[in-house]
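Please read the structure below before turning to the comments.
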Amino acid sequence: MAFSSLFSLTFPPISSSSLNTKHPLFFHSYLPSISLQNSNKKREFPLPSVASIPYQPINVDYLEQEFSGHGVTFEDIGDSCIAKMRLENGSTATLMLPSGLITSYKAHMWHGGRAELLQTSVLEGKDGNPVIQGGVSLAFNFGSDNEILWSPTSWALRAIRGNPEDSIQVELISTDAEDKVEVRHVLSLTEDTLSSQLVVSNSKSSSIRLMGSLISHLTVSTPEATYAYGLEGSNFFNRPMFSSNFSIVPPDSQQSWYSDLGLNAFFSAWGARDQKNSDKGKDREVKNEEELEGEEDENYKQLTDKMSRIYTSAPTDFTLIDRGRRNSVIVGRYGFNELYMFSPGSSHESYSMYSYICVGQSAMLKPVILSPGDVWTGGQHLHNPNL
């Protein structure tokens, strides 16, 4: 089926050439060529006419010169770089370019120190090349007429605004987007919040369809000590785990949820609902899937058990409480109607790479449709109430 790749988003392969593999965070990709002419005025990188052509390595010296004075520093790692945002109160965020992956959000805490709120890991892939997973990433497909056309996987730095005293805003633009479709990712760091905003502009003469999720891996001490507060009464669907190349996937979860049978059942049911197919076989599949529906009956839900759910009527804000680390995160969304939540459960070793809760602001059951001339905005807030 046309949408069968939604739960297995494909990203460009990672190469180990020219990488400092001893660095704790590294990722291989490319950015468009950077023009150095009139550097005092120019604030945008030119985008290539064909997104698949090789891009030139990032010029970190140019980035430092062009975007200095806003509280952002750049570090060169092979053909990629790290952009580090830092506020005077101590809160920081780290962004990988050009992958657009947010690998770190360290928030200022009540005890005077900082705490890392994101879970990120770097592993060796099957081909020997490094694979970075976790953090906050955009995992979306764009399509038309039930056909997936492209996915944003490479981002160019467009602008940096603000100052380290109050707030810092970094604006990225997708270099994969089709002609007449603009996709921007705006990352904002304030004293108590990290926000990710997706802005899509459709200047085509036809409608486009957006499906996927803004995925966040929030680190926790243990699932037993972690609670979701504020979801009571929310309707949900149990679904196979949403997976992209940035997802941290426990082996048992991949075995039990990410099977062909589960995915086929999901997409058969989704297609039957969306297109109102009257075929009896489709109707039986929909009925079976509806048996996995439910309503959250706990307002203070302990996340000990393994779960993978899409909430369709959750409040725009809810709180993840980690009693082990004595902190909490308020997760907010706008523009998205669905909330995805995955917990690997307590079957894994405590304080391991699988000690996280995955939260997604999503359009997976029902896509976002942009008509010609439409501009759509959706995003997520990770608010730190522990000051």
Side-chain angles (χ1 to χ4, degrees), residues 24-25 27 91-94 96 101-111 113-125 130-137 139 194 196 213-231 238-258 298 300-311 318-331 339-362 380 382-386:
L25 294 173
F27 193 84
S91 295
T92 63
T94 302
M96 298 292 295
L101 179 66
I102 303 170
T103 60
S104 176
Y105 172 35
K106 293 183 178 179
H108 185 66
M109 291 291 162
W110 55 271
H111 48 65
R114 295 185 303 157
E116 176 61 71
L117 300 184
L118 300 182
Q119 181 86 337
T120 309
S121 68
V122 179
L123 301 174
E124 181 178 341
V131 176
I132 187 168
Q133 299 171 322
V136 180
S137 63
L194 177 68
S196 295
S213 185
L214 194 164
I215 294 289
S216 299
H217 293 71
L218 303 179
T219 188
V220 297
S221 56
T222 64
E224 294 93 337
T226 306
Y227 298 79
Y229 176 76
L231 296 178
N238 289 314
R239 291 304 191 210
M241 180 183 181
F242 185 93
S243 180
S244 75
N245 279 9
F246 292 133
S247 298
I248 300 177
V249 183
D252 60 338
S253 299
Q254 195 168 15
Q255 295 286 337
S256 60
W257 281 321
Y258 196 55
E298 297 180 76
Y300 192 65
K301 181 178 179 60
Q302 189 174 19
L303 301 179
T304 302
D305 297 331
K306 182 170 59 177
M307 64 176 290
S308 180
R309 291 178 176 176
I310 300 175
Y311 289 89
F318 78 100
T319 304
L320 281 174
I321 301 172
D322 186 353
R323 298 177 64 181
R325 302 178 74 199
R326 300 176 64 191
N327 67 10
S328 59
V329 181
I330 299 175
V331 182
L339 168 66
Y340 169 71
M341 187 180 299
F342 168 80
S343 173
S346 58
S347 60
H348 302 281
E349 181 181 353
S350 297
Y351 303 97
S352 71
M353 66 177 292
Y354 303 119
S355 291
Y356 69 90
I357 303 299
C358 191
V359 175
Q361 316 306 329
S362 306
Q380 170 185 263
L382 299 179
H383 175 70
N384 168 34
N386 306 289

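Here the structure is a predicted model, which is why all the values come from computation and not from measurement.
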Tell me, do [X] and [Y] make a side-chain contact under 4.5 Å, heavy atoms counted?
X	Y	result
Arg325	Met109	no
Tyr105	Val329	no
Phe246	Ile215	no
Lys301	Leu231	no
His111	Asn386	no
Val220	Leu320	no

Do you know which two heavy atoms are closest between [X] and [Y], and how far apart they sit?
X	Y	result
Gln380	Gln361	OE1-NE2, 3.1 Å
Tyr340	Ser362	CB-OG, 3.4 Å
Gln133	Ser247	NE2-O, 3.4 Å
Ser91	Ala107	OG-CA, 4.0 Å
Thr103	Thr120	O-OG1, 2.8 Å
Ala93	Leu194	CB-CD1, 4.0 Å

Return the [atom1] to [atom2] distance between [X] and [Y], rounded to the nearest 0.5 Å.
X	Y	atom1	atom2	answer
Ile248	Ser121	CD1	OG	4.0 Å
Ser216	Met341	OG	CE	11.5 Å
Arg114	His108	CZ	NE2	10.0 Å
Met96	Ser104	CE	OG	12.0 Å
Phe342	Lys306	CZ	NZ	7.5 Å

- Backbone of Ile357 reached by a side-chain donor or acceptor of Ser343 within 3.5 Å: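 Flag not set: sc Ser343 to bb Ile357 has no pair under 3.5 Å.
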Walk me through whether Ser355 and Gln119 qualify under side-chain hydrogen bond (donor to acceptor under 3.5 Å, both in side chains). CA-CA 8 Å; Ser355 291; Gln119 181 86 337; 5.8 Å; no
I'd like to check the ring pair (Phe, Tyr, Trp, His ring centres under 6.0 Å) partners of Tyr300; sequence neighbours left out, ordered by chain and number.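 Testing Tyr300 for ring pair (Phe, Tyr, Trp, His ring centres under 6.0 Å), a comparison that skips the adjacent residues, returns Tyr227.
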inquiry  = The criterion is ring pair (Phe, Tyr, Trp, His ring centres under 6.0 Å); which residues satisfy it with Tyr356, sequence neighbours excluded?
reply    =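 Partners of Tyr356 by the ring pair (Phe, Tyr, Trp, His ring centres under 6.0 Å) criterion, ordered by chain and then number, come out as His217.
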Practice problem: Give a yes or no on this: more than 12 heavy atoms of other residues, nucleotides or ligands lie within 6.0 Å of atom CZ of Arg323. | Solution: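 Open.
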*asked:* So, applying side chain to side chain contact (heavy atoms under 4.5 Å, CB included) with Leu382, which one of Ile102, Leu118, Leu117 is it?
replied: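 With Leu382 as partner, side chain to side chain contact (heavy atoms under 4.5 Å, CB included) holds for just one option, Leu118.
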